[in-house]
**Student:** 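One structure, as structure tokens, below. Some questions next.
All values reported here derive from a predicted model rather than from experimental measurement. Only this structure's heavy atoms are used, side chains among them; waters, hydrogens and symmetry mates stay out.
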Amino acid sequence: RGCCALVAGMLWWLLLAGAALAAPEWAKPLPERPKAATPDPRTEVATRQGAALRLAVAPPGSPHAGHFIDGAGQRLRLMGMNLSGMQYVAIADAATQTNWGNQLDTADGLPDFTALARWHANAVRISLYEASWNANGPNGRCRDVFGRKGKEGAVANPDRLGRYRADVKQAVDAAAKAGFFVVLDLHNAAPSDFCPSGDRMANMDNSVRFWASVAETFKNAPHVAFDLFNEPHDVGAKDLDLRVSHRLDYAFGTDRAGKPKKIPHIYQTAGWNDLIAAVRSAGAGNVVLVGSLVYSGDNTRWLQQVPDDRKPPKGFKGSWTPQLAASWHVYPKWGTEPGDAKYLTLNNKGSLEKAQEIVAAGYPVVITEFGDHNDQAPFVTHWLPKFHAAGLSYLAWAWSPPTKIHPKGRQYQLTQDGRGTPTPGFGQAVLKHYRCVATQVSLADCPPPELPKREETPGLLSRLLSWLSR
């Protein structure tokens, strides 16, 4: 046995030496890409000021490829929460005198970035209502075909306060002053003159001009990213290509009671490439995020449908790096409760391994929504450290007390009040994780779990040596 092991060792060194002498230049291994120093978690998620408050996708070949960088070229991770309200309240809640619908539970109804900063967040996602932005004033109108306000087909004013755009700008500016990055999300869209109520995909009628206008407004705000459509769903076949336009024969939405409705209507969806073209034609070089089918939960085909962002923005001079990232929504398996066997299963066929592959291909991944039970949070406790270890960004849904969004709701609320008091389950778990990441030089006090490694099939030489050493 010892003799065989000696022979095996000699064979190994002879093979190595022969390969080094005989290999032509093209067959020699390429030099390794320079590795970045281990990022300081505090630096990654710290708020930025001045020129550093700039969000960009790291170029190929960079030590930070597959991640975001700031204006100083340092690796950046978005860590924060969703601010709910502006995505539907302009049409669904006529009693409020703010476009946030009092969902933030603050004295003036506006986001409190001081409270957000106490959670060590550095980013917020603001969800928008297509018709309210496009109306641009008190004279805009849409038809409430889904009956969100009670009477189907009634004419409604989605910008009844006459300041929807101004309120969005106000929030974006306030975020910048506090050092926060912002993701603007097209949350609700609809074709024709319909008042949006959760349609299946962006549309050519209104979504293209929505993004052209939003991009024109914020093209000089490098801390702002554009999430092109919240949750594509029920569009067609499971392998439908979201990059291009498709013909649909009904509009989808929910009524005032939350029941789904289909309105017969033929229209064209807007593909990712159409929306990106609208943004870049406005001269905006902001980061764009695109999701996937099944409510942006099924990320397994994202790399097979990467949109085209190779064309630089209008008027851009220099070398252009596509500013494209993946949006992913992560929730517990639908219909389960904490304690159920499948509660920790990622909903809608989501895959952490696929997210890692997207990052490895050079595209940052942002979990633009994730949630858990208000009173206990086994899902977040299990998954959030894994998402962190994989280098993903993540934004919790949502910064709002339970009674403000769902009076009877028991999940997906981070706070009990506008001051940021965490809910005992979901809120406490997220706050603990955010605080740990932001205040420790390393994650030694709450180490992330080891990511699963793929088992590689042994090569012929390895098997031969193994056999000889027996």
**Student:** Kindly give the heavy-atom pair with the smallest separation between V306 and R243, and that separation in Å.
**Tutor:** O-CD, 3.3 Å
**Student:** Looking only at heavy atoms, what is the nearest atom pair of A270 and L275, with distance?
**Tutor:** CB-CD2, 3.8 Å
**Student:** Taking the basic N atoms (NZ, or NE/NH1/NH2) and the acidic carboxylate oxygens, is any pair closer than 4.0 Å for D234 and R200?
**Tutor:** no
**Student:** After noting the C-alpha distance and the side-chain angles of F252 and H233, does the key distance pass the ring-ring contact (aromatic ring centres under 6.0 Å, His included) rule?
**Tutor:** CA-CA 10 Å; F252 178 88; H233 65 94; 5.2 Å; yes
**Student:** Heavy-atom distance under 4.5 Å between the side chains of R48 and F181, does that happen here?
**Tutor:** yes
**Student:** Are the side chain of Q323 and the backbone of T321 linked by a donor-acceptor contact shorter than 3.5 Å?
**Tutor:** yes
**Student:** For F180 and A123, which heavy atoms make the closest approach, and how far apart are they?
**Tutor:** CD2-N, 3.5 Å
**Student:** Between L395 and V124, does a side chain to side chain contact (heavy atoms under 4.5 Å, CB included) hold up when you go through it step by step?
**Tutor:** CA-CA 7 Å; L395 307 171; V124 292; over 6 Å; no
**Student:** Testing L392, T368, I367, L352 for side-chain contact (heavy atoms from CB on, under 4.5 Å) with V330, which one passes?
**Tutor:** I367
**Student:** With rounding to the nearest 0.5 Å, note down the distance linking CG in L228 to CG in N230.
**Tutor:** 11.5 Å
**Student:** Indicate the ring-plane relationship of Y434 and Y394, choosing parallel, tilted or perpendicular according to the 30° and 60° boundaries.
**Tutor:** tilted
**Student:** Can you say whether the rings of F218 and W133 are parallel (under 30°), tilted (30 to 60°) or perpendicular (over 60°)?
**Tutor:** tilted
**Student:** For the side chain of T336 and the backbone of K333, is there at least one donor-acceptor N/O pair under 3.5 Å apart?
**Tutor:** yes
**Student:** Is there a salt bridge (charged side-chain N to carboxylate O under 4.0 Å, His left out) between R54 and D70 once you walk through the steps?
**Tutor:** CA-CA 5 Å; R54 176 181 180 273; D70 64 13; over 6 Å; no
**Student:** Hey, could you give me the CE/NE2 distance between M86 and H187, rounded to the nearest 0.5 Å?
**Tutor:** 13.5 Å
**Student:** Start with the C-alpha distance between S84 and N82, add both sets of side-chain angles, then the distance that settles side chain to side chain donor-acceptor pair (under 3.5 Å), and finish with yes or no.
**Tutor:** CA-CA 6 Å; S84 179; N82 283 261; over 6 Å; no
**Student:** Testing the basics here: between P332 and N347, what is the closest heavy-atom pair and its distance to 0.1 Å?
**Tutor:** O-CB, 3.4 Å
**Student:** Is it true that W399 and W119 have ring centroids separated by less than 6.0 Å?
**Tutor:** yes
**Student:** Using the ring centroid of each side chain, check whether H329 and W334 are separated by less than 6.0 Å.
**Tutor:** no
**Student:** Give, for atom CG of N299 and atom CD of Q356, the distance between the pair rounded to the nearest 0.5 Å.
**Tutor:** 10.5 Å
**Student:** Would a 4.5 Å heavy-atom cut-off, applied to side chains only, mark Y129 and P158 as touching?
**Tutor:** yes
**Student:** Do side-chain atoms of W302 reach the backbone of V290 as a donor and acceptor pair under 3.5 angstrom?
**Tutor:** yes
**Student:** Distance alone, cut at 3.5 Å: any donor-acceptor contact between the side chains of T423 and Q428?
**Tutor:** no
**Student:** Does anything in residues 206-229 pair up under salt bridge (Lys or Arg N to Asp or Glu O under 4.0 Å), and if so which pairs, sequence neighbours excluded?
**Tutor:** R125-D227, E216-K219
**Student:** Given E44, which partner from the list Q74, R75, H388 fulfils the side chain to side chain donor-acceptor pair (under 3.5 Å) test?
**Tutor:** R75
**Student:** For R148 and C195: C-alpha separation, side-chain torsions, deciding distance, then whether side chain to side chain contact (heavy atoms under 4.5 Å, CB included) applies.
**Tutor:** CA-CA 9 Å; R148 283 304 297 257; C195 297; over 6 Å; no
**Student:** Does a side-chain heavy-atom distance below 4.5 Å link T415 with M81?
**Tutor:** no
**Student:** Would you name the heavy atoms of L303 and A361 that are closest together and state the gap between them?
**Tutor:** CD2-CB, 3.8 Å
**Student:** Mind checking whether D372 and Q411 have side chains closer than 4.5 Å, heavy atoms only?
**Tutor:** no
**Student:** Could you check whether any side-chain N or O of D340 sits under 3.5 Å from a backbone N or O of K342, counting only pairs where one atom can act as donor and the other as acceptor?
**Tutor:** no
**Student:** Going by distance alone, is a donor N or O of one side chain under 3.5 Å from an acceptor N or O of the other, for H120 and T439?
**Tutor:** no
**Student:** Please assess R301 against K354 for the test side chain to side chain contact (heavy atoms under 4.5 Å, CB included), listing each intermediate value before the final yes or no.
**Tutor:** CA-CA 8 Å; R301 291 181 298 276; K354 290 297 181 183; over 6 Å; no
**Student:** Which heavy-atom pair separates T254 from S197 by the least distance, and what is that distance?
**Tutor:** O-OG, 2.6 Å
**Student:** Students often mix this up, so state it plainly: with edges at 30° and 60°, are the rings of W383 and F387 parallel, tilted or perpendicular?
**Tutor:** parallel
**Student:** Are the side chain of T106 and the backbone of D112 linked by a donor-acceptor contact shorter than 3.5 Å?
**Tutor:** no
**Student:** Is a side-chain N or O of N374 found less than 3.5 angstrom from the main chain of Q413, in a donor-acceptor match?
**Tutor:** yes
**Student:** With a 4.5 Å heavy-atom cut-off, do L104 and S400 have their side chains touching?
**Tutor:** no
**Student:** When rounded to the nearest 0.5 angstrom, what is the spacing between CH2 in W328 and CG in N348?
**Tutor:** 11.0 Å
**Student:** Can D255 and K259 be counted as an ion pair, charged N to O under 4.0 angstrom?
**Tutor:** no
**Student:** Got a sec, which pairs hit side chain to side chain donor-acceptor pair (under 3.5 Å) with one end in residues 303-312, sequence neighbours left out?
**Tutor:** R280-D309, D308-R310
**Student:** Would you say that V235 contacts L240 through its side chain, given a criterion of any heavy-atom pair below 4.5 Å between the two side chains?
**Tutor:** yes
**Student:** Going by atom types alone, do D185 and S127 pair a side-chain donor with an acceptor below 3.5 Å?
**Tutor:** yes
**Student:** Can you check whether W100's main-chain N or O pairs, donor with acceptor, with T98's side chain at less than 3.5 Å?
**Tutor:** yes
**Student:** Determine whether a donor-acceptor pair (N or O, by modelled atom type, separation under 3.5 Å) exists between the side chain of N188 and the backbone of G198.
**Tutor:** yes
**Student:** Determine whether a donor-acceptor pair (N or O, by modelled atom type, separation under 3.5 Å) exists between the side chain of N134 and the backbone of A131.
**Tutor:** no
**Student:** Does any non-hydrogen side-chain atom of V168 lie less than 4.5 Å from one of L184?
**Tutor:** yes
**Student:** Apply side chain to side chain contact (heavy atoms under 4.5 Å, CB included) to the pair K349 and V294, showing each step before the final yes or no.
**Tutor:** CA-CA 8 Å; K349 302 178 182 179; V294 199; 5.5 Å; no
**Student:** In Å, rounded to the nearest 0.5 Å, how long is the span from NE2 of H223 to CG of L53?
**Tutor:** 5.5 Å
**Student:** Could you grab the distance from atom CZ of F226 to atom CZ of F210, nearest 0.5 Å is fine?
**Tutor:** 9.5 Å
**Student:** Measure centre to centre between the rings of F370 and Y331, then say whether the value is under 6.0 Å.
**Tutor:** no
**Student:** If only side-chain N and O atoms count, and only distance matters, is there a donor-acceptor pair under 3.5 Å linking R77 with S393?
**Tutor:** no
**Student:** Looking only at side chains, do S327 and S296 share a donor and an acceptor under 3.5 Å apart?
**Tutor:** no
**Student:** Would a distance-only check, ignoring hydrogens and angles, find a side-chain to backbone donor-acceptor pair under 3.5 Å from D417 to G420?
**Tutor:** yes
**Student:** Does the side chain of Q416 reach to within under 4.5 Å of the side chain of P424, using non-hydrogen atoms?
**Tutor:** yes
